[in-house]
Amino acid sequence: MSTVIISGTQWGDEGKGKIVDYLASQANVVVRFQGGSNAGHTVTVNGEEYKLRLIPSGILCKDTLCVIANGVVFDPQVFLEEVETIKSRGIDTSNIRISNRAHVVMPWHKIFDELNEELRGDKKIGTTKRGIGPCYIDKADRIGIRVCDLIDPEEFAARCREVLTQKNFILRKVFNHAPISYEKVLNEYEIYAEKIAPYVCDTITLLNEEIDAGKKVLFEGAQATMLDIDYGTYPYVTASHPISSGVGVGTGVAPKKIDKVFGVVKAYCTRVGEGPFPTEQLNEIGDKLRTAGHEFGTVTGRPRRTGWLDACVVKYAGQLSGIDYMAVTRLDILDDFDEIKMCVAYEVDGKILNEIPASLKVLARVNPIYETFEGWKSDISQVKTYDELPDNAKKYLERMAEVTKIDLGIISVGPNRDQTIVVAENIFE
Ligand code: IMP
């Protein structure tokens with residue numbers, strides 16, 4: 001048995017796609033377990049860039065089974081667009097499987113995502129407007145439509161009529177918004193249903209059988225710890241569980257079947273959307289990080305907020321997800337900095353905190369305690385082994401491991417597969 005989870009440790013956009021792609025080349029199965037098309041994983045293979053939103057990053061490895069499990073909210077329109085794009089670049093998509101229990105993103109979810117954000121005014125969350133939150137709301141409200149309903153024409157027609165009656169009532173009475181046409185949705189989704197049906201199966205049985213047969217299975221987290229609905233900076237979070245525990249409910253694979261957890265840590269920090277960000281640099285340092293790291297959203301194109309690495313947040317992620325190894329990404333982005341800072345503790349009212357405050361009011365007031373590191377001021381993008389890294393880069397990494405209490409596993413020094421330094425060998429053994 002060999003199962004590995006990859007989870008983001010910060011606010012997303014840590015470069016998980018690249019790490020998943022690297023590990024996927026050793027895996028037989030790659031699984032998405034939460035989130036939906038709000039994710040944007042950029043993977044570069046042989047200098048060619050691929051942007052994936054719903055399909056697991058394993059699709060770029062030949063013969064890897066790619067599973068969209070039940071915890072994902074599945075947007076058939078985005079999925080089919082992605083399939084077409086990938087196919088047009090010569091990649092086989094027949095290895096994709098979609099859970100029959102995944103909830104389907106419907107047109108009203110996207111409309112409500114927009115309207116709810118408008119209603120929140122200056123308290124808006126800054127969502128990706130992909131209908132993710134409203135789809136999870138309907139799941140909890142027991143009025144969601146699942147993939148198994150979508151591919152059953154009679155059931156879909158009935159469920160769609162029932163739910164749309166309720167949604168149109170709210171659209172009219174609360175938002176003074178034009179109703180959504182039942183016929184239009186039915187016609188559009190009937191076409192999707194036909195196209196996705198060949199990919200649909202019971203992924204719970206599939207995954208458990210693969211694991212029991214000794215296959216190597218990689219669980220690909222989207223978003224990240226600080227966006228987790230329970231553990232993140234609520235309410236400025238997404239609607240799912242990106243932490244490792246999300247795999248259990250999101251796939252039907254029991255916790256005791258998980259072997260290792262990798263936490264992806266960007267060498268500095270970014271965030272999109274609203275909410276507190278203690279190490280944010282609203283100055284020329286933040287601008288330099290944004291420019292050097294091309295920090296603009298894959299899904300929305302929004303400029304990302306940027307700041308120094310917050311080791312308190314990474315340590316918290318380690319605790320929550322039981323992280324065995326860190327995969328540090330984008331270390332090369334810091335190549336040109338004279339000095340680099342790392343937040344190693346939070347102080348509030350003269351006291352050092354032992355936890356991440358639940359209250360956003362308190363989190364907004366924390367004073368990050370920084371340690372300063374001398375930059376390495378050299379191009380590390382072609383470095384192939386840990387020993388070859390400049391001493392100042394090693395000092396930074398080793399302090400990161402010490403503060404977070406997580407071992408170094410992988411160091412990424414560029415977007416390509418061959419720009420990956422492996423510290424922990426035989427990850428799937
Ligand atoms: P939602 O997931 O679209 O509901 O957005 C909720 C919050 O999560 C917003 O702050 C988004 O910017 C953030 N978010 C969602 N997906 C991602 C992601 O893949 N990377 C970074 N932030 C994300």
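Bear in mind that the values here come from a model prediction, so they are computed numbers and not experimental data.
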Chemist: Pairing donors with acceptors under 3.5 angstrom, does anything connect the side chains of Asn38 and Gln223?
Modeler: yes
Chemist: If you draw a 6.0 Å radius around CZ in Phe169, do more than 12 non-hydrogen atoms from other residues or ligands fall strictly inside?
Modeler: no
Chemist: Once rounded to the nearest 0.5 Å, what's the spacing between atom SG of Cys343 and atom CG of Asp310?
Modeler: 4.5 Å
Chemist: Would you find more than 12 non-hydrogen atoms of other residues, nucleotides or ligands less than 6.0 Å from Glu190 atom CD?
Modeler: yes
Chemist: Indicate yes or no for a side-chain donor-acceptor contact from Arg271 to the backbone of Pro276 under 3.5 Å, with no hydrogens or angles considered.
Modeler: yes
Chemist: Show, in sequence, the C-alpha distance, side-chain angles and deciding distance for Asn168 and Ile180, and conclude whether the side chain to side chain contact (heavy atoms under 4.5 Å, CB included) test is met.
Modeler: CA-CA 7 Å; Asn168 274 339; Ile180 299 169; 3.8 Å; yes
Chemist: Ser240 and Gln34: which non-hydrogen atoms are nearest, and at how many Å?
Modeler: OG-NE2, 3.0 Å
Chemist: Taking Ile59's backbone N and O only, do any of them form a donor-acceptor pair with Tyr50's side chain (distance below 3.5 Å, no angle check)?
Modeler: no
Chemist: Using a strict threshold of under 4.0 Å (side-chain N to carboxylate O), is an ion pair present between Arg53 and Glu81?
Modeler: no
Chemist: What is the ring orientation for Phe79 with Tyr199, classed by angle as parallel under 30°, tilted 30 to 60°, or perpendicular over 60°?
Modeler: perpendicular
Chemist: Using 30° and 60° as the class limits, which term best fits the ring planes of Phe112 and Phe175: parallel, tilted or perpendicular?
Modeler: perpendicular
Chemist: Got a donor-acceptor contact below 3.5 angstrom from the Ser321 side chain to the Ile323 backbone?
Modeler: no
Chemist: Would you indicate whether Lys167, at its atom NZ, is surrounded by more than 12 heavy atoms from other residues, nucleotides or ligands within a distance under 6.0 Å?
Modeler: yes
Chemist: Do Thr127 and Asp113 have side-chain atoms, one donor and one acceptor, less than 3.5 Å apart?
Modeler: yes
Chemist: If you measure from the Lys or Arg side-chain nitrogens to the Asp or Glu carboxylate oxygens, is any gap between Lys110 and Asp75 under 4.0 Å?
Modeler: yes
Chemist: How close do Asp149 and Gly144 get, counting heavy atoms only, and between which atoms?
Modeler: OD2-O, 4.4 Å
Chemist: Just by distance, with hydrogens left out, do Lys18 and Ser412 show a side-chain donor and acceptor under 3.5 Å apart?
Modeler: yes
Chemist: Can you check side chain to side chain contact (heavy atoms under 4.5 Å, CB included) on Val185 and Trp108, steps first, answer last?
Modeler: CA-CA 10 Å; Val185 175; Trp108 50 85; 4.3 Å; yes
Chemist: Hey, is OH on Tyr234 packed in by over 12 heavy atoms from elsewhere, all under 6.0 Å?
Modeler: no
Chemist: Is atom CG of Asn354 surrounded by more than 12 heavy atoms (other residues, nucleotides or ligands) closer than 6.0 Å?
Modeler: no
Chemist: Can you measure from OH (Tyr136) to CG (Asp141) and round to the nearest 0.5 angstrom?
Modeler: 16.0 Å
Chemist: Answer yes or no: is there a donor N or O on one side and an acceptor on the other, between the side chain of Glu295 and the main chain of Leu289, under 3.5 Å?
Modeler: no
Chemist: Looking at side-chain heavy atoms only, is the closest gap between Gln382 and Gln419 below 4.5 Å?
Modeler: yes
Chemist: Would you indicate whether the side-chain heavy atoms of Tyr189 and Pro107 approach each other to under 4.5 Å?
Modeler: yes
Chemist: If you round to the nearest 0.5 Å, how far is CD1 of Ile411 from CD1 of Ile380?
Modeler: 9.0 Å
Chemist: Checking side-chain polar atoms at under 3.5 Å, does Thr85 have a donor or acceptor matched by the opposite partner on Lys51?
Modeler: no
Chemist: Between Arg330 (side chain) and Gly293 (backbone), is there a donor-acceptor pair under 3.5 Å?
Modeler: yes
Chemist: Got more than 12 heavy atoms from elsewhere within 6.0 Å of NZ, Lys384?
Modeler: yes
Chemist: Give me the one residue out of Trp11, Tyr268, Trp308 that meets ring-ring contact (aromatic ring centres under 6.0 Å, His included) with Phe277.
Modeler: Trp11
Chemist: Compare every heavy atom of Ala69 with every heavy atom of Val31, then report the nearest pair and how far apart it is.
Modeler: CG1-CB, 3.9 Å
Chemist: Salt bridge check: are Glu220 and Lys16 linked by an N-O gap of less than 4.0 Å?
Modeler: no
Chemist: Salt bridge or not between Lys266 and Asp13? Use side-chain N to carboxylate O under 4.0 Å.
Modeler: no
Chemist: Would you say Asp138 and His109 are linked by a side-chain donor-acceptor pair, where the criterion is simply a distance under 3.5 Å?
Modeler: yes
Chemist: Please walk me through it: do Ile196 and Leu150 pass side chain to side chain contact (heavy atoms under 4.5 Å, CB included)?
Modeler: CA-CA 9 Å; Ile196 68 155; Leu150 172 63; 3.7 Å; yes
Chemist: With rounding to the nearest 0.5 Å, note down the distance linking CD1 in Ile356 to OH in Tyr231.
Modeler: 14.0 Å
Chemist: Just verifying a value: how many Å separate Thr233 OG1 and Met226 CE, rounded to the nearest 0.5 Å?
Modeler: 5.5 Å
Chemist: Quick check: are there more than 12 heavy atoms from other residues, nucleotides or ligands sitting under 6.0 Å from CD of Glu355?
Modeler: yes
Chemist: To the closest 0.5 Å, what do you measure between CD1 (Ile98) and SG (Cys148)?
Modeler: 12.5 Å
